[in-house]
Structures are given as C-alpha cells and as structure tokens.
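A short worksheet on the structure shown next.
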Number of protein chains: 2
Amino acid sequence: MTAVGLAVARRRNAEATRQDILDAARCRFACEGYDRAGLREIAADAGVDAALISRYFGGKEELFAAVLAATANAAELFHGTREDFAARMAHMMVREPQADTKLDSILIMLRSASSPRAAEASRRLGDSRFFEPMAQWIGGADAEVVARLLGALMMGMGVSRAINPDFSLGEAELDQLEGRLRGMILHTLSAGRP
Amino acid sequence: MTAVGLAVARRRNAEATRQDILDAARCRFACEGYDRAGLREIAADAGVDAALISRYFGGKEELFAAVLAATANAAELFHGTREDFAARMAHMMVREPQADTKLDSILIMLRSASSPRAAEASRRLGDSRFFEPMAQWIGGADAEVVARLLGALMMGMGVSRAINPDFSLGEAELDQLEGRLRGMILHTLSAGRP
DNA sequence: TGTGGAAGTCATCAATTGTTGACTTAGGGT
DNA sequence: ACCCTAAGTCAACAATTGATGACTTCCACA
C-alpha cells in the first residue's frame, strides 16, 4: 500500500522504471490481490506501457515474485521487549490507517491466497522472511509454533480490517480491542516461559 | 468445501437444480474465491449449462449473495462451555482436513476479500450470521470486541492453512500448536471475567 | 392427445487480460 | 554528425469470462 510516485519526466532510465513498476505492482497487489491487479493498471500507475512489464519481468507471475522478494523485509517488525512488541503490534493492527509498508507482504499474502501459484510463491517467501525472523526473535523451544500462532493472528486482523475497516466497532470499543489484542499477543508470547 | 453430488438423471426439477447450483457455487467460492470461480465450472459441477445460472440468479454477484445467504449458519459452532468451545475450535482449525462445511462461510469471506462487491456482501452477512451469534454466545459487556478478536484468530488460522496446509510444522509441533491455540482462545474468552 | 409454458441448451457477443512482435525514439560513443 | 543499441510505444492476438437471446425438449393439464 505504498504511495506511488508519478514517475514524471524521468525517461530512458531502465533501473528507475523497473523500480516504479515494482512500487506500483506492490501497491496494486496489496490492495487488490494477484488476480484483480491488472498489468495495464499497474503500468498506468507506473507511467509506462503495459508491454514493458512482460518485457522486464517475463510475465505477471515473475513480477509477483519480484515484488515479494523486494518487499518482504518484515524482519524489522520484530524487536524490543515482549511488552513493547505486543503494544506496537496491537496498535498497528487496530489503529494505523492502512497499516504500514512493512505489512504489505502480509496483505499481499492474504489477498492472493486464492491463486495457487501466487500462494505458493508467497508461502515460500513468507516462511523465510516473516516466520523465520519472527521465530528467531521469539526464541525458545517452541518459537516456531508461537510464530505461527501470532502470524495467524496478525493475518486474521489484517483480513478482518480489509473486509471491515472499523470492525463495526465504535471508538471506545476499538480501544478495548487494542488493549485485548495486546494482552492476547503478550499471553501467547509469554505462555510457559520465564 | 462441500462435496457436490453428480446431479445425475434428476432433470426438469427447478428447485433441485437451483440447489445443485448453490452447492457447486459454494464449493467453488470456498475453494477459489469469488474471482477465480468461473460460472462455467460451477455449472459443470452442478451438471447444468452456464446460462442457467444467470437465468436463475440474475448474475454472478447475485449467485454469490445467494450462496452466502444459504451457507452462513455458523451459529451452531457456538455452544458448550468455554473450555469445550476452545478445544473444539483449536482442533478444527489445526487438525480437520479441510475444515468443515460450517467453516465454508469463513473460507468464502477470506478468499473473496479482494473483490470489493463480494467483500461488501460477505461483510454484511458475516456480521449478522457469524459475529453476532458469536458475541451472543460469549456474552458480557465486551462480547463484541472479544468476538472480533476470536473471529480474526479463526480467519487467520484459515488463511494460514489455506496458504500452507501443514503450517510447515511436524506432527509433534502441530500438537503443540493445537494446545497453544486452545489456550489462546480460552484466555481471550476468559480475560477479565469470572 | 395435443398444446402452452417452463426447463434447459446452444451459439454468440462484448469486454477484459496477459502476452507478443513490429515499430519508433532517444542518446551516448566513435 | 552518424548510427547502433537499448528504452519505450502501439496494435493486435488468443484465451477467458459473464451475459444474452433464440432455439429445443419435456411435462402437466385441459
């Protein structure tokens, strides 16, 4: 959900054009999912012709893979104390308007879950760039299990908000939601450990 | 993800044909999402011509709405004690091969989240047929908030498993996952109440 | 037993989408 | 100043998809 620059008056620069395409594609994939994101619209956002995309990346699938590879550095999400992490995540999930660039990979994954090939690509990158750093940060014997749980919770919140931005809840209830989510994350992180 | 009968040799029966179409459509929508589910494939599954669908339901969107309206009785999920519910849900989420017919509505929702109109339809029905019964079963002042949290968790587990059926985990770890998920649900259900 | 209308099929249309190949244009090195 | 190559555009194709109207077939009822 990254803002996309107009790419005005910067012509004949393959590297920059390639980057514009990647940015526009990430935005479209995150917003609309693999299927609904059209090459022509991505190209229009990037300010180039649709043919360039197939030309540069080989095809839509390869573009998708390239976007995932360029996007998915969610590792920076995982730092600080457990309390800090829980609060930060809960706030991001409930309050931040359209999440964050760091969450693009999650949005892309969930919005593309129904496309078998896109799902396979995102599964692999999700494992290596999301769950593994998360498990490493969590630490301990069952870190991978906890990572899967928290990942599922984050994705679920993402889906919920994608379908229903305000969760059909009022302001006060959103505060409650954030607080309880924080507790839920903390409880999951801390269960059965010092 | 309901199995679909062959619909063999039962012709000239509008009501039954209509039901066959609904069953096939629910299956396809749940498996592939709104976009990827083609009217021709749905018709083939139901054993009728694709033209009949537009004829009976008016169009793809109306068919989707009809499927949601006919499917989403998730209310029966919500019964028993909190411990029983948590165990049942955790088992269903982690272990049951392709979930359950009762979860079709969830699958449809998450697989169709990227189609604005389908998302709007599923949001409304999800609220009335999933979150409201859930909140009612939960009870208490902040039941709606808790329902949103648990709903997100369930959806997230659904997405995770849709992308990655075994969570990249071994048997023993799946047991851990189920146990921890049960604890997570129970904790969320019980936080701040008797 | 015909006959009207519902149930179902077939052919086809219009729109969209990913992709390809031919074409044009810019710009730097000689 | 030329020209060769890379960068970019344009037009078009083939496949798919949802939708529509004309046609055919079957059943119930008079």
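Just so it is clear: chains get the letters A, B, ... in the order the sequence lines come, proteins before strands, and each one is counted from 1.
As rounded to whole Å, 13 Å separates atom P of C/dT16 from atom CZ of A/Arg36. Atom pair A/Leu52:CG and C/dG21:P shows a separation of 16 Å (rounding to whole Å applied). Residue A/Arg40 contributes atom CZ, which lies 11 Å from atom C1' of D/dC13 at whole-angstrom precision. Atom C1' of nucleotide D/dT17 and atom CD of B/Glu61 are separated by 14 Å, given to the nearest angstrom. In this structure, CD of A/Gln19 is placed 16 Å from P of D/dA7, rounded to the nearest angstrom. Between the CD atom of B/Glu15 and the C1' atom of D/dC27 there is a distance of 17 Å, given to the nearest Å. Between B/Ile53 atom CD1 and D/dT17 atom P the separation is 13 Å, expressed in whole Å. Between A/Asp49 atom CG and C/dT20 atom P the separation is 14 Å, expressed in whole Å.
With C/dT19, D/dG8, D/dA22 as the candidates, the nucleotide lying closest to the side chain of B/Arg55 is D/dA22. Of the candidates D/dT17, D/dG8, C/dT9, D/dT17 carries the atom nearest the B/Glu41 side chain, counting heavy atoms from C-beta on. If you check C/dA26, C/dC10, C/dT19 against the side chain of A/Arg12, the one that comes closest is C/dA26. Side chain of B/Tyr56, nearest nucleotide from C/dG8, D/dT9, C/dT9: C/dG8. Looking at the side chain of A/Ser54, the nearest of the listed nucleotides C/dT20, D/dC10, C/dT9 is C/dT20. For A/Leu39, taking side-chain heavy atoms from C-beta onward, the closest of the listed nucleotides C/dT9, D/dG18, C/dG18 is C/dG18. Across C/dT20, D/dC10, D/dG18, the shortest atom-to-atom separation from the side chain of B/Lys60 is found for D/dG18.
Residue B/Ala43 is classed as having no contact, given no heavy-atom separation below 4.0 Å to the nucleic acid. A/Phe57 comes within contact range of no nucleotide atom at all, as no heavy-atom separation falls under 4.0 Å. Using a 4.0 Å heavy-atom distance criterion, B/Ala51 is classed as a base contact.
Between A/Arg95 and A/Asp175 there is a salt bridge, since a side-chain N of the basic residue sits under 4.0 Å from a carboxylate O of the acidic one.
A donor-acceptor contact shorter than 3.5 Å links the side chain of B/Lys60 to the backbone of B/Ala37. In this structure, the side chain of B/Arg161 engages the main chain of B/Met93 through a donor-acceptor pair within 3.5 Å.
Taking the six-membered ring where the residue is Trp, B/His187 and A/His187 present parallel rings, their angle staying beneath 30° rather than reaching 60°.
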Set out, in order, the CA-CA distance, both residues' side-chain angles and the distance that settles side chain to side chain contact (heavy atoms under 4.5 Å, CB included) for B/Leu153 and B/Thr188, then state yes or no. CA-CA 10 Å; B/Leu153 183 57; B/Thr188 306; 5.7 Å; no
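OP1 and OP2 of D/dA7 both lie 4.0 Å or more from every side-chain N or O belonging to A/Thr17.
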